[in-house]
Amino acid sequence: MLRVIKVKLSVAIKSLKLSRSLELNDVLQEEEIGRWRRTHYSSEINSSLEDREVIIMGWVSSKRDHGNILFIIVRDRYGEVQVIAKKSECSKLLFGQMQQIKEHTSLAIRGTIRPQDKAPNGFEIIPLELKAFSIARKAAPFMTQNKTPIGIDTRLDLRAIDLRRNVLQSIFHIRYTVLNASREFLSRQGFIEVNTPKMIATATEGGAALFPIFYYDREAFLAQSPQLYKEQLTMAFENVFEIGPIFRAEPSRTNRHLSESISIDVEKAFVDYNDIMNLLERLILHVLDSVKEKNQNDLANLDFQSPNIELPFPKYSYSDLLEQLQEGGERIAWGDDLSPQTMRNLPDERMNGFYFITDWPTSLKPFYVKPKTAPGSERVSESFDLMYGSLEISSGSTRINRKDELLERMKKQGLNTQAFDYHLKVFDYGMPPHAGFGVGLERLMMAIAKIDNIRDAILYPRDIDRLTP
Ligand code: ATP
Ligand code: MG
């Protein structure tokens, strides 16, 4: 009799345990948003809301479980807020739900605000009700707080989640400022923003780096730059700029080349490369000032002070720089390109900020770059690169505005001039003297936000090994 009772009792206990665990597993379920709406962003929670009820929405960026107390940090568009659930203060259902929450789950929490010195913004939320929208199924391979997590490829494979990390949030907030500030500055300087075709018939920056595409029954290419179009547009609008993608088939794997990148392209009529260098350095100054003004928290997050700059930037001619390099023992001849490896050997501390390298050999520059006109000086061009340390940020020049001169340069570079008929044609109708530059947005970001790998300056990088996500 006693044995029977014992067995029955143990069966009853087992089924009770089972139903309890079933109950708990069922506590947290995905729900629709329904009529719930966010009342406040994390950044809007302040003393005026003390003891008031709010609804916040976002993602769980971290969770600490101390048994009877749970801390959950919820991240939204503007920052983070702490939610604290004490077993003694919550309903059993709500505490059970909070226990099951995993990092990265998207949810809404209705709760009251209470001051808390140790919380991210001085307040915390005591939850009353929770709605999980999408429960995270797996632990992500990286935490949102980590500054230097695992390899970049693992991160890029889950890029949308990687982008929740504080460091990348800051980088892309800064990038947004850089874009806005560039538009603002150029518009104020009397430029008009244009958009030129990205499917084109001919190469502009040298043939090797082109992506061919099918264009109906013909071959076409993805644009390496808006060069020829922006030059033509100076005939109609004088001062134009474009912020858009450029495509380069870069077969090498470096930390400064992408296959698809964003370029800030500028072209201005009735000026030469000196005026354009002046415009470019003022653009950089305005961009840096805007970042310092609008992204203080982001810069702090990156542990980085944006470079302090003074205008004008130092200018070194290619020939002078070459001489310095040769004196420093570099085996390099006039007409050779200056690689970043070579530039790092410059015996010069001034190279740590922004500076121009001017007057490049004509042979190193594209066909549209204007050679100097003084007799005997044609092998040098009216050109410049803007550098940041050993990194090229921009190339610019005075452009050729005479048709016969342009034809001659094209032939010298072995180009099929017939393929450029559509472009050469307009030179018969008053092409003004003009000059311009192209700034690689991601390169500029590397300088402004101290990014080592260009892939972290763009949302979804494209390179020789990567076409997804
Ligand atoms: P690099 O010598 O560094 O390969 P480039 O001289 O071939 O660059 P330009 O044709 O002068 O490049 O393009 C203008 C600007 O566009 C560059 O100064 C750089 O900031 C940016 N840029 C060019 N190619 C790339 C690329 N593959 N990835 C990212 N940015 C690029
Ligand atoms: Mg260049």
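Just so it is clear, the values below take in all heavy atoms, side chains as well, and ignore hydrogens, waters and symmetry mates. We number each residue from 1, following the sequence as shown. Atoms within each ligand, like the ligands themselves, are counted from 1 in listed order.
Residue G438 has at least one heavy-atom neighbour below 4.0 Å for each of these atoms of ligand 1: 14 (C), 15 (C). Atoms of ligand 1 lying under 4.0 Å from at least one heavy atom of S395, given by number and element, are 11 (O), 18 (O). Under a 4.0 Å criterion applied to the non-hydrogen atoms of L258, ligand 1 contributes the atoms 26 (C), 27 (N), 28 (N), 29 (C). Atoms of ligand 1 lying under 4.0 Å from at least one heavy atom of S394, given by number and element, are 18 (O).
Between atom 13 (O) of ligand 1 and the options R248, R256, Q227, the minimum heavy-atom separation is to R248.
Taking all atoms of both residues into account, the shortest heavy-atom contact from M57 to D76 is O-CB, 3.4 Å.
When ring centroids are compared, F384 and W360 stay outside the 6.0 Å threshold. Side-chain rings of Y355 and Y316 approach one another, their centers coming within less than 6.0 Å. In summary, the aromatic rings of F247 and F211 are positioned with their centroids too far apart to meet the 6.0 Å limit.
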Please lay out, stage by stage, how D157 and R466 fare under the test salt bridge (Lys or Arg N to Asp or Glu O under 4.0 Å). CA-CA 10 Å; D157 285 343; R466 186 173 284 278; 3.1 Å; yes

Evaluate the criterion salt bridge (Lys or Arg N to Asp or Glu O under 4.0 Å) for residue pair E103 and K63; output intermediate values, then yes/no. CA-CA 7 Å; E103 271 146 22; K63 177 184 165 189; over 6 Å; no

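Distances from the Mg ion (ligand 2) to the N/O/S atoms of E392 are shortest for OE2.
Of the N and O atoms on the side chains of T202 and Y422, at least one donor lies less than 3.5 Å from an acceptor on the other residue.
At a heavy-atom cutoff of 4.0 Å, ligand 1 is contacted by the side chain of I454 but not by its backbone. The proximity of H257 to ligand 1, defined as any non-hydrogen pair under 4.0 Å, involves the side chain as well as the backbone. With a 4.0 Å heavy-atom cut-off, ligand 1 is reached by the backbone of E392 and by its side chain too. Residue-level proximity to ligand 1 for S261 is carried by the side chain, the only part with a heavy atom below 4.0 angstrom.
Distances from the Mg ion (ligand 2) show that S394 has no N/O/S atom below 2.8 Å.
Of the polar atoms of I393, at least one N or O is found under 3.5 Å from an N or O of ligand 1, judged by distance alone.
Judged purely by atom type and a 3.5 angstrom limit, T254 uses its side chain to pair as donor or acceptor with the backbone of R256.
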